[in-house]
Colleague: 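Once you've had a glance at the structure underneath, I'll fire off some questions.
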Amino acid sequence: MTTIKLHNTMTRRKEAFVPIDPQDVRMYVCGPTVYDRAHLGNARPVIVFDVLYRLLRHVYGANHVNYVRNFTDVDDKINAKSAQTGREIGDITDETVSWFLEDMAQVGALEPNAMPRATQYIVQMVAMIEDLIARGHAYAAQGHVLFSVDSYAQYGALSGRSVDDMIAGARVEVAPYKRDPMDFVLWKPSDEATPGWESPWGRGRPGWHIECSAMAAELLGTQFDIHGGGNDLQFPHHENEIAQSRCAGHGFANVWLHNEMLQVEGKKMSKSLGNFFTVRDLLDQGVPGEVIRFVMLSTHYRKPMDWTEKKRVEAEQTLKKWFRQIGLSTATLDGSVHRGTIEAIADDLNTPEVISNLHALSNAGDFSQLRKSLYLLGLFDGQIPKWARVEGFSDAETGLIRDLLNRREIARGDRDFAKADLLRDGLLDAGVGIKDTATEPEFERLSNFDINKLDGLWGSS
RNA sequence: GGCGAGUUGGCGGAGUGGUUACGCGCCGGAUUGCAAAUCCGUGUAUGGGGGUUCGAUUCCCCCACUCGCCUCCA
């Protein structure tokens, strides 16, 4: 069996992955807060962990992997959006969830086995908070419940910080009801206008971190294999999850995986820099989902990834070539995969290495293995995508083009190259690309195909 | 201020204690009336300084720089 190696943030080392139960490999990934379209940065962890999900399914069997990714649907950003637009919170979150799933499907992400929403697990969160209070790890104060960081000696182990360091750095809001400035909120009160649930501490809503601890325990058990997310979540979110869960007596996650951030043309994506865009924006501009995925996978997940126009163009070019090549292969997608591909993915998801191997397969003319490898990577679903296919012409258009090409052949025969080139350039201008071959000239429809220009050319020559 | 990651050729981007993958670009060539496409081929890199070693790009230390996080954020 393939040995998967993963870089565990907790130990800061690459380790062989050993599941708790190979019949039931369990992974939890922090999903989005649903208040707006997913931006390009949101797509990175989705794609990275989708590759891992596919790898796990390949190694342990599709029915032996349980992948959970949550939707955070209770949050002050959502409340703000509701107040600002006058729309119901439920409408906003429902719509955003469906957008998210559509957009992520476009970049080739499989849906996880479960996609719990925080609002559906309030009961479990309240129970967990009560338990933490009973165990002396949390306390109620002024309608809030706070986790006592002081009560968990290993706090900071994941991110490599000590509580003293953090207090020294102090940019922490010090609320009067906190015993310690580092304590974080498990439950907070809601006013009339804010969503809330009845609880032993009055009407209120959960703090951000508790949902993942509660839902992971409910859906994956109190100890599971892998927990993932962006490295901006490492602190404080994941640190707090660990503190809560461990103090509730849970083993929690064995392996922690974090992907690095995304940049755009060398800079952090931000609204103020004007380089902020959503996945939907790119798709609407005609950037295929496969291209987005390819660019994402061309940088290792633990390195900052720079989205550039140049990479987009290169990716499109490479994929177009590969799709044409694998179109020549009839290999069935039976789950077998080229050894080099599987080994590179299993080596801490070294997708750049995989892509390098794919170039080798392409150059060697091994289109069957290329086909299978692209399938495992999620870049190919069994159908050559429309954008990579040579688009056909109607019969009438084909006749017209054949006639023009014929005239060009005659002109070439007469060594009237001026006329021949005029026809070639005219065809090109009308959006018909030409390649001379040993036998008949080949032609293809380009994106700027214009039947009127073609007609004009036919009439004037 | 604290914590973390990183610094490889023109660009992107891996691996490796001992001939530095691979892709794009560039250059040269084949082919072509010219193009396009295709094919063949050449060249170019491990931030700086120490240390360990027969030998370091790879391991260790220091420095410089870059990026991220520490505040909602994937």
Side-chain angles (χ1 to χ4, degrees), chain A residues 7 9 12 29-33 35-36 38-49 69 72 75-78 80 100 156 158-173 182 208 228-239 258-263 266-271 276 294-306 308 310-311 313-315 317-318 321-322 340 344 347-348 350-363 411-418 420-421 424-425 427-428 433-438 441-444 446:
Chain A
H7 181 91
T9 310
R12 286 160 230 290
V29 173
C30 290
T33 300
Y35 66 103
D36 209 349
H39 64 251
L40 190 61
N42 291 301
R44 171 117 105 142
V46 173
I47 292 171
V48 164
F49 290 104
R69 187 183 62 213
T72 298
D75 181 274
D76 287 346
K77 283 196 295 293
I78 303 173
F100 183 84
L158 180 70
S159 53
R161 309 160 192 236
S162 69
V163 174
D164 292 343
D165 285 344
M166 289 182 272
I167 290 170
R171 276 205 269 162
V172 192
E173 165 202 2
M182 294 308 297
W208 175 35
N231 78 350
D232 54 338
L233 295 181
Q234 197 174 316
F235 184 88
H237 185 52
H238 289 163
E239 202 72 77
H258 291 96
N259 61 275
E260 250 292 351
M261 297 292 103
L262 175 120
Q263 298 183 307
K267 297 202 167 120
K268 180 176 175 167
M269 183 163 71
S270 75
K271 286 175 179 166
F276 181 96
F294 185 99
V295 171
M296 291 281 183
L297 297 184
S298 67
T299 296
H300 187 91
Y301 78 92
R302 282 194 294 109
K303 287 197 170 183
M305 129 107 222
D306 195 13
T308 64
K310 188 165 183 275
K311 286 184 181 175
V313 171
E314 275 190 27
Q317 209 173 306
T318 301
K321 175 177 152 192
W322 288 354
D347 183 12
D348 196 29
N350 194 342
T351 50
E353 179 80 15
V354 177
I355 288 173
S356 158
N357 292 339
L358 297 190
H359 280 295
L361 291 175
S362 166
N363 291 337
R412 290 175 77 186
D414 293 343
R415 302 194 71 75
D416 183 356
F417 296 122
D421 289 353
R424 184 192 65 211
D425 295 342
L427 281 162
L428 199 61
I434 299 176
K435 281 189 269 186
D436 286 336
T437 67
E442 289 177 3
F443 55 95
E444 64 174 345
L446 305 176

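Source: prediction; values computed, not measured. Residue numbers start from 1 in every chain, and the chains themselves are labelled A, B, ... in the order their sequence lines are given, proteins ahead of strands.
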Colleague: Closest to the A/Arg424 side chain: B/rA74, B/rC34, B/rG6?
Modeller: B/rC34
Colleague: Considering only the C1' atoms, how many Å lie between B/rC59 and B/rG1, rounded to the nearest integer?
Modeller: 31 Å
Colleague: What does A/Asn363 touch in the nucleic acid at a heavy-atom separation under 4.0 angstrom: a base, only the sugar-phosphate, or nothing?
Modeller: sugar-phosphate
Colleague: Take A/His237 and A/Asp306, find for each the nucleotide of RNA chain B with the closest heavy atom, and name the residue whose nucleotide sits nearer the 5' end.
Modeller: A/Asp306
Colleague: Please convert RNA chain B into dot-bracket. A pair counts if it is Watson-Crick or G-U wobble with both distances under 3.5 Å; crossing pairs go in [ ] and bases paired with another strand get |.
Modeller: (((((((..(((.....[...)))..((((.......)))).....(((((..]....))))))))))))....
Colleague: Starting at atom OH of A/Tyr301, determine the distance to atom C1' of B/rG13, rounded to an integer number of angstrom.
Modeller: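 Going from A/Tyr301 (OH) to B/rG13 (C1'), I get 17 Å.
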Colleague: How long is the straight-line distance from CG of A/Asn357 back to OG1 of A/Thr351, given to the nearest 0.5 Å?
Modeller: 11.5 Å
Colleague: Whole-Å distance between B/rG33 P and A/Ile434 CD1?
Modeller: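 So the two atoms are 16 Å apart, to the nearest Å.
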Colleague: Do the side chain of A/Arg44 and the main chain of A/Met296 share a donor and acceptor less than 3.5 angstrom apart?
Modeller: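 A pair under 3.5 Å: no.
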Colleague: Identify which nucleotide among B/rA74, B/rC73, B/rG12 has an atom closest to any side-chain atom of A/Lys311, counting heavy atoms from C-beta outward.
Modeller: B/rG12
Colleague: When the distance from CG of A/Asp75 to P of B/rC73 is rounded to whole Å, what number comes out?
Modeller: 7 Å
Colleague: Mind checking the NZ-OG1 spacing from A/Lys311 to A/Thr318? Nearest 0.5 Å is all I need.
Modeller: 13.0 Å
Colleague: Between B/rG43 and B/rC34, how far apart are the P atoms? Round to whole Å, please.
Modeller: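 Here B/rC34 and B/rG43 have their P atoms 29 Å from each other.
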Colleague: Please work out if A/Thr308 contacts a base, only the sugar-phosphate, or nothing of the nucleic acid, heavy-atom cut-off 4.0 Å.
Modeller: nothing
Colleague: Is there a side-chain contact between A/Lys321 and the phosphate of B/rG23, meaning an N or O under 4.0 Å from OP1 or OP2?
Modeller: no
Colleague: From the options B/rA14, B/rC73, B/rG68, select the nucleotide whose nearest atom is closest to the side chain of A/His39.
Modeller: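 So the side chain of A/His39 is nearest to B/rC73.
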Colleague: Would you classify A/His300 as touching base, sugar-phosphate or nothing, given that sugar-phosphate means primed atoms plus P, OP1 and OP2, and contacts are heavy atoms under 4.0 Å?
Modeller: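 Result for A/His300 = sugar-phosphate.
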Colleague: So which atom in A/Ser159 and which in A/Gln234 form the shortest heavy-atom distance, rounded to 0.1 Å?
Modeller: CA-NE2, 3.6 Å
Colleague: What's the closest nucleotide to the A/Thr318 side chain, out of B/rG33, B/rA14, B/rG23?
Modeller: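 Selected nucleotide (nearest to the side chain): B/rG23.
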Colleague: More than 12 non-hydrogen atoms from neighbouring residues, nucleotides or ligands closer than 6.0 Å to CZ on A/Arg12, yes or no?
Modeller: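 For A/Arg12, atom CZ is crowded (more than 12 foreign heavy atoms under 6.0 Å).
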Colleague: Which atoms form the tightest heavy-atom contact between A/Asn42 and A/Val46, and what is the distance?
Modeller: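 Nearest pair, atom of A/Asn42 first, then A/Val46: O-CG2, 3.4 Å.
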Colleague: What integer distance in Å separates A/Met305:CE from B/rA5:P?
Modeller: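 Going from A/Met305 (CE) to B/rA5 (P), I get 21 Å.
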Colleague: By nearest nucleotide on RNA chain B, pick out whichever of A/Leu233 and A/Thr299 is the more 5' one.
Modeller: A/Thr299
Colleague: Between B/rG25, B/rA74, B/rA14, which one does the side chain of A/Gln317 approach most closely?
Modeller: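 Per side-chain heavy atoms of A/Gln317, the pick is B/rG25.
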Colleague: Hey, are the side chains of A/Lys321 and A/Gln317 touching, using non-hydrogen atoms and a 4.5 Å cut-off?
Modeller: no
Colleague: Under 4.0 Å, counting only non-hydrogen atoms across every strand here, what does A/Leu262 touch: a base, just sugar-phosphate, or nothing?
Modeller: base
Colleague: Applying a 4.0 Å non-hydrogen cut-off, can you work out what A/Asp425 is touching in the nucleic acid: base, sugar-phosphate, or nothing?
Modeller: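 Answer is nothing: A/Asp425 stays at 4.0 Å or more from every strand.
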Colleague: So if I take every side-chain heavy atom of A/Gln263 and compare against B/rU7, B/rC67, B/rG33, which nucleotide ends up nearest?
Modeller: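 The listed nucleotide nearest to A/Gln263's side chain is B/rC67.
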Colleague: Any base atoms under 4.0 Å from A/Pro304, or only sugar-phosphate, or nothing? Heavy atoms, all strands.
Modeller: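 The residue A/Pro304 makes no contact with any strand.
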Colleague: Kindly give the heavy-atom pair with the smallest separation between A/His238 and A/Leu158, and that separation in Å.
Modeller: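 Minimum heavy-atom contact is CB-CD2, 3.5 Å.
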Colleague: For the pair made of CD in A/Glu260 and C1' in B/rC3, what is the distance, rounded to whole Å?
Modeller: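 Atom-to-atom, A/Glu260 to B/rC3, this comes out as 13 Å.
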Colleague: Whole angstroms only, please: what is the CG-P distance between A/Asp232 and B/rA74?
Modeller: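 Result: 7 Å.
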Colleague: From B/rC70, B/rA14, B/rG23, pick the nucleotide closest to the side chain of A/Phe235?
Modeller: B/rC70
Colleague: Using whole Å, what does the distance between atom P of nucleotide B/rU66 and atom NZ of A/Lys303 come to?
Modeller: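 Value for this atom pair: 18 Å.
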Colleague: Yes or no on side-chain contact (heavy atoms from CB on, under 4.5 Å) for A/His359 and A/Ile355, after CA distance, side-chain angles and deciding distance?
Modeller: CA-CA 6 Å; A/His359 280 295; A/Ile355 288 173; 4.0 Å; yes
Colleague: Just to confirm, is there a sub-4.0 Å distance from OP1 or OP2 of B/rC73 to any side-chain nitrogen or oxygen of A/Asn42?
Modeller: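 For A/Asn42, the contact criterion (side-chain N or O under 4.0 Å from OP1 or OP2 of B/rC73) is not met.
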Colleague: Considering only side-chain heavy atoms of A/Asp421, which listed nucleotide, B/rG6, B/rA74, B/rC34, is closest?
Modeller: B/rC34
Colleague: Ignoring the backbone of A/Asn231, work out which of B/rG68, B/rC73, B/rC24 is nearest its side chain.
Modeller: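 It is B/rG68.
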